[in-house]
Every structure is written in structure tokens, then in C-alpha cells.
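Working notes, structure below.
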Amino acid sequence: MDHNFGAPLIMTRTSLVKPCRLLSPLPVVQISERPLVHQESLPKLPVPPLQQTCVRYLASLEPLISEEEMTHTHKLMDEFLRPGGVGERLQKSLERRARKTENWLTDWWMQSSYLDSRMPVAMYTSPGVVLPKMHLQDRQGQMRFAAKLIAGVLDFKSMIDSDTLPVEYLGGKPLCMDQYYQVLSSCRIPGPKRDTVVNYAIGKTPPTHITVVHNFQFFVLDVYNSDGSPLTVDQLYVQLEKIWNSSLQTNKEPVGILTSNHRNTWGKAYNNLIKDKTNKESVRSIQKSIFTVCLDAPKPRVSDEMYFNKVAAQMLHGGGSRWNSGNRWFDKTLQFIIGEDGSCGLTYEHAPAEGPPIVFLVDHVVDYMKRSEMVRTPMIPLSMPQKLRFNITPEIKKDIEKAKQNMNIMVHDLDVRVLNFTHYGRKFPKSHKMSPDAFIQMALQLAYYRMYQTCCPTYESTSLRMFKLGRTEAVRSTTTESLQFTKAMDDPSKHNSEKAALLEKAIKVHRKHTHMAIHGQGIERHMLGLKMIAIEDLTSLPEIFMDTSFAVASHFNLYTSQVGSKTDCVMCLGPMVPDGYGICYNPMDDHINFAVTAFNSCEETNATKLSQFLEDSLLDMKTLLEQVSKTQ
């Protein structure tokens, strides 16, 4: 690790993942111990047995492809698994890599899923989080709320700095805490072919400022006094007022919107932007900052039922260039968003971390903000926060216009629906001895089947944090058993007891798959590893990876993620494929928050319609279980 002169650590041992949620039925428990001591004792991510993965891969294809395609894939698999053949060679190479590295998967995963991707980060990979609405009367309320939020994040940071963050445990096993050390003072940097992530927290002089953006204008706000103590809420409030009052002009060029563009386009614009010394210094100040706070302008008023849909969209993309999309720096790992109208939440760049650490931080900040502050404010006058200057050349102006147009097209294309399902929460499936997560996954399967009369490849994120530098694995939720249940549910010839038995069986299979995934025995990442080794070692890719079935099964029309949080929030993310859905859910005791996204440009998908089918499926599954338990 580079500790010289505050030089940034370029994260090569990558820390990235899709909004991964801990999906296990076991709760995550926090225990006060020193996290870095535990890091050393964590086991390494295993490479699953080749035969096991290949058998399970074939089983996962069954509900998705025709018999004819299945016969063809079996032939290719026999060839792949031939004794002394290509499969065994790749497996041996992968096992060798596992012995030589801390985590055989993490770097590959970070590169293939994030840094190599050329799609915009806004909407495509960066999730948004909607927090409960704050009842702010005016902009003073907005400033006071922002000041408390900043103080809450700094309180969380003090645990990271002093290595007193409680270690998380799952089923009695400690989890890797590495990601917590990657989310503050880090930023993604565009490259012509591949991006990088830089962490400025690691070094002799870690950053002591945050950036605040208002009316598209960025400011450096120092958040520590000269004695190293964090500014109090009152001091932060005074500084935010100064920022607000010196950024009232609304005609400034939204430089931040450049970060929302396709990565190649932004990479070129970035190099052009930082040719100028002033611009380079301003960009570096944003990149180095601990996090960013976006003070958003009011949005157009909408009805109560549309409110959460609009706020979820605001957290994902800012609402377009006329509204708040330019009031962001999308490459920044952590951006808290506070609207004048009381809407609040955050968006995070996915490369350095997945959902659970972000949600734990959010829970901590929300708890902190409930406390009344007892700190006496020092009477030291504070200097004016520095406004970051940008010299806008005609070429940069052209880049900004292109980014605005692109963002507005993306905003119009994304449909976001928030479903607050109030009929029951996780307590209901638990009362029937069923895993709430698996139960919700089966409701999603049923909703999709009712809408399309077929099932589809479904991706559910799970965590690999039981292992050193662990990121995520995927569970394929569509199984032969889930399809049997969804077909039976609306079949009048089937008795309720039979339907309930099929539901129970599908849930058991899902739980088994989740358990295997969490313990490093999943299919998805092992197949990725074999493919990556093949790309590195072989002249041509084995046919199993060129097979149509491989492409079909990896085209995830349902991209789903559970984000368990103590706070009554909802996370949202865009679909993984053009004709698919992005679905996040937060199961609370007595209600469930869902966010469903789809692209308007695809005629087959409709987020509102799927949300309706989802609500009906959850209600019908409850009725089914209640009727069956009455007759027993």
C-alpha cells in the first residue's frame, strides 16, 4: 500500500459490485471488534468443483430453453468435460490463480462488470436510494437537514478512521469489511478504454473536505477545525448558508453533466477538460473530496401517488438537464441528494462497493440525525468555502450540450415505479416458516409468468463477503421448481394444497441455491472465471461459451436485488438488458418497498403493469397459504 505523501491508491484489487444484497434468511449482526484484525483470518474464495458447476448450469437451463437446444448444449458440455479436455485445463489454471491471489474473482469482476463497461454510470450501474420524505418548510430547513446529514457521515467516518467499525457477522461467521474503507474519499476516473477507481483516503494526508454542489456550482467545504475536530452542525449550517448565497445564479454551465455520458465520450471530454490548469485543480478537488452533497432545486410538483416514482428517478438521474442532472458528479462514489421540497436520498457509483455497506452507512446517519446535538459550537470565524472555477472553452461547451441531449434521452426512456406494498411484510412468510426473500422471489416469478405466459432468466445478487475481498455472486431464481409453481398457481385443475406444496418446494430450492452461493459454491462467477481464463490462455473460446443457450441464459430480463435496511428506504436501479426490468426491494416487518424500472423504448416491458401483477401475486400467495392452513 502506498503511504507516501498522500499519493492515491489505485485500486487494482478491485472492489466493485452490482447492488448486491444479503439475501440469506440469516440476519447480519454487528459486533464491536476491530475489523482489520478479522480481515487477515478470513478464508479465501474457493473455486467450486467443475463437475458440480456444469451439472447445476445445465439444470438452470431447463426451464429456459427448448429440448432441441438442450440436446445440443449437452453435447457441447460432454466435449467440455472430456477427461484431459479443455474444461479440466481451465479448472486447473483457475485453481492455480486462486492459490496465487487474495481473491481469484474480485479483479476480474470489477473490470468486466464496471471498469470495462462503456455505458453511462447514471441509470445503468449506479443505484439510487430514496429516504423517507423530510418535512422541510423552507431552504433553511434544507440547510439544517444537510448540516445534520454531513455531521452524521463524519461520525461514521470517525469509526473507519479509528478502526472501531463493528464487524458484521452472518450465521456466526465474520464478513469482509474491506468495502467500508473504499466508499469515502474515492472516485471513478474515466479512461479511453477502461476506467480506474482512486482512493485518496489511503495516504499520509487524507482529504478533509467535502464538495457541495448547488445550481450546478461546486464548492470545497472543509469539514474539520484546525485541531482535527469535525465541524459542528451549527458551523456546517453557517457554511452551507454562505455556499447557498454565493451560488444564486442559475445560468451557469452544468459541468457535472459531462460525467453522465457514455464512458468513451466522457473519457475524451475529460482529457479535454483537464488540459486547463484551473479545470484540472477543480476536478481533482471533487475527486479527492470525502463525499458530495447535492443541494437540488425544487422539482415540478406532482400528485402524492407519483411522488415516490419521481423522487426515485431524481436519485437515479436528477430528472434531466432542465432540473438537477447537472447538479451531480456521477463518478463520485457517494453523493447525498437533498431537495428544497424535502426529497432526499443518495446515489452511489458502484465500482468500489455494493449495497450493504452503503445501507449500513445510511442507517447510521439516519440514527445520528435523530439525536439532539449537545456539542458547543466554537466561536471561531470560518473562512468562506472555496468556489471551484471552470474555464469553459467552445469545445467543452459543445461536450456539455451533447451530454445534456444524451441525458434527456435517457431520462425520457427510463420508467420508474415505486410500489409500497402495505398488506404485509416479512413477518408473514416467516410465520409460515418460509424465507421472506425466497417468497418474494417466487412472487416475482409469478408476476412475470402471469404477464408473459412464460418465465425468463432471473438474476438475484447475493454476497460473497464471507471471503476475503468478497464481492457478489448471482442466484438464478428461475428453476424447474419455480416454473412448476407458477404454472400450477392459475391452473383450475390443481388443488390449493398441491399449489402450496409446489410453492414450498420452489422456496426450498431457492434457499439451497442462495446458501450455496453465499458459501462460494455458485454457478455464475465460476463460469465467468472459466471464460476469463480461456480468454487469457486459449487461442479460441470453448464452444460452451459460444452456445446460444449460454447467451439466452445470461440475458437477465429480471435483474433483482434485496436491500435490507433498518431505514424505511427503497433502492432503485436500471434494468440489465434493454427488454428487461430492474427490481429492488426492502422487506420491512409489516410492509415491503419495491422499485421497478423498465425502458419506455421497449414495447414489451411496462413497469406499472409488472408492479400491479406483483401486488396481485403477493396477495394471492398469502390467500393460498391462509386457505391451506385453515383446512389442515
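Residues: numbered from 1 along the sequence shown.
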With side chains defined as the heavy atoms from C-beta onward, is the minimum distance between [X] and [Y] less than 4.5 Å?
X	Y	value
Q521	H526	no
N103	K468	no
L165	F156	yes
F291	V153	yes
F467	C176	no
Q179	L469	no
D579	E603	no
L444	I583	yes

Out of curiosity, [X] [atom1] to [Y] [atom2], how far, rounded to the nearest 0.5 Å?
X	Y	atom1	atom2	answer
W108	L105	CH2	CG	8.5 Å
L175	L42	CG	CG	8.0 Å
L295	I337	CG	CD1	11.0 Å
M621	E626	CE	CD	12.5 Å
L618	F594	CG	CZ	5.0 Å
Q335	S126	CD	OG	8.5 Å

Query raised in the report: Does K133 make a cation-pi contact with Y307 (under 6.0 Å, within 45 degrees of the axis)?
Result: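 Yes; both conditions hold, so K133 lies above the ring face of Y307.
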
Report task. Establish, yes or no, whether the cationic atom of K622 lies under 6.0 Å from the six-membered ring centre of F428 and within 45° of the ring axis. Result -> yes

Tell me whether the count of non-hydrogen atoms from other residues, nucleotides or ligands lying under 6.0 Å of [atom1] in [X] goes above 12.
X	atom1	result
H555	NE2	yes
K310	NZ	no
H495	NE2	no

Looking at [X] and [Y], does any basic side-chain N land under 4.0 Å from a carboxylate oxygen?
X	Y	value
R471	E354	yes
R465	E168	yes
R188	D195	yes
R328	D296	yes
K430	D589	no

Which atom pair, heavy atoms only, marks the closest approach of [X] to [Y]?
X	Y	result
V411	G320	CG2-N, 3.7 Å
M177	P166	CE-O, 3.1 Å
Q627	N496	OE1-ND2, 2.9 Å
S343	Q314	OG-OE1, 3.2 Å
C569	L131	CB-CD2, 4.0 Å
A312	V130	CA-CG2, 3.5 Å

For the residue pair [X] and [Y], does the interplanar ring angle fall in the parallel (under 30°), tilted (30 to 60°) or perpendicular (over 60°) class?
X	Y	value
W109	Y114	perpendicular
F421	Y424	perpendicular
F550	Y57	tilted

**Report entry** Which residues share a side chain to side chain contact (heavy atoms under 4.5 Å, CB included) with D415, sequence neighbours left out
**Finding:**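 Side chain to side chain contact (heavy atoms under 4.5 Å, CB included) list for D415, sorted by chain: R417, N600, A607, T608.
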
Would a distance-only check, ignoring hydrogens and angles, find a side-chain to backbone donor-acceptor pair under 3.5 Å from [X] to [Y]?
X	Y	result
T486	L446	no
H519	H515	yes
S482	T479	yes
T472	S461	no
Q142	I338	yes
D413	S601	yes
R118	L115	yes
T597	L573	yes

Query - Y559 and Y581 aromatic centres sub-6.0 Å - result: no

Are [X] and [Y] linked by a side-chain donor-acceptor pair shorter than 3.5 Å?
X	Y	value
N420	H591	no
D178	Q182	yes
E615	H423	yes
T478	T458	yes

Query raised in the report: For D363 and S565, what are the C-alpha separation, side-chain angles and deciding distance, and is it a side chain to side chain donor-acceptor pair (under 3.5 Å)?
Result: CA-CA 7 Å; D363 286 341; S565 163; 3.0 Å; yes

Query raised in the report: Would R426 and D590 satisfy side chain to side chain contact (heavy atoms under 4.5 Å, CB included), going step by step from the backbone distance to the final call?
Result: CA-CA 6 Å; R426 64 184 167 212; D590 297 304; over 6 Å; no

Report task. Decide side chain to side chain donor-acceptor pair (under 3.5 Å) for H432 and E504; before the verdict, give the C-alpha distance in whole Å, the side-chain angles of both, and the deciding distance to 0.1 Å. Result -> CA-CA 10 Å; H432 286 266; E504 204 168 326; over 6 Å; no

Query - E473 and T462: CA distance, side-chain angles, deciding distance, side chain to side chain donor-acceptor pair (under 3.5 Å) verdict - result: CA-CA 5 Å; E473 175 57 277; T462 61; over 6 Å; no

Report task. Determine, stepwise, if the pair Y449 / F613 fulfils ring-ring contact (aromatic ring centres under 6.0 Å, His included). Result -> CA-CA 9 Å; Y449 189 82; F613 275 109; over 10 Å; no

Query raised in the report: Step by step, would you call V596 with L419 a side chain to side chain contact (heavy atoms under 4.5 Å, CB included)?
Result: CA-CA 8 Å; V596 180; L419 167 64; 5.6 Å; no

Requested in this report: List for me each residue that meets ring pair (Phe, Tyr, Trp, His ring centres under 6.0 Å) alongside Y448, sequence neighbours excluded, and say none if there are none.
Outcome: Y452

Report summary line: Residues pairing under salt bridge (charged side-chain N to carboxylate O under 4.0 Å, His left out) where one sits in residues 447-456, two or more places apart or in two chains, turn out to be R450-D490, R450-D620

Query - Residue pair E349, K332: steps toward the salt bridge (Lys or Arg N to Asp or Glu O under 4.0 Å) verdict - result: CA-CA 6 Å; E349 200 288 301; K332 194 72 196 135; over 6 Å; no

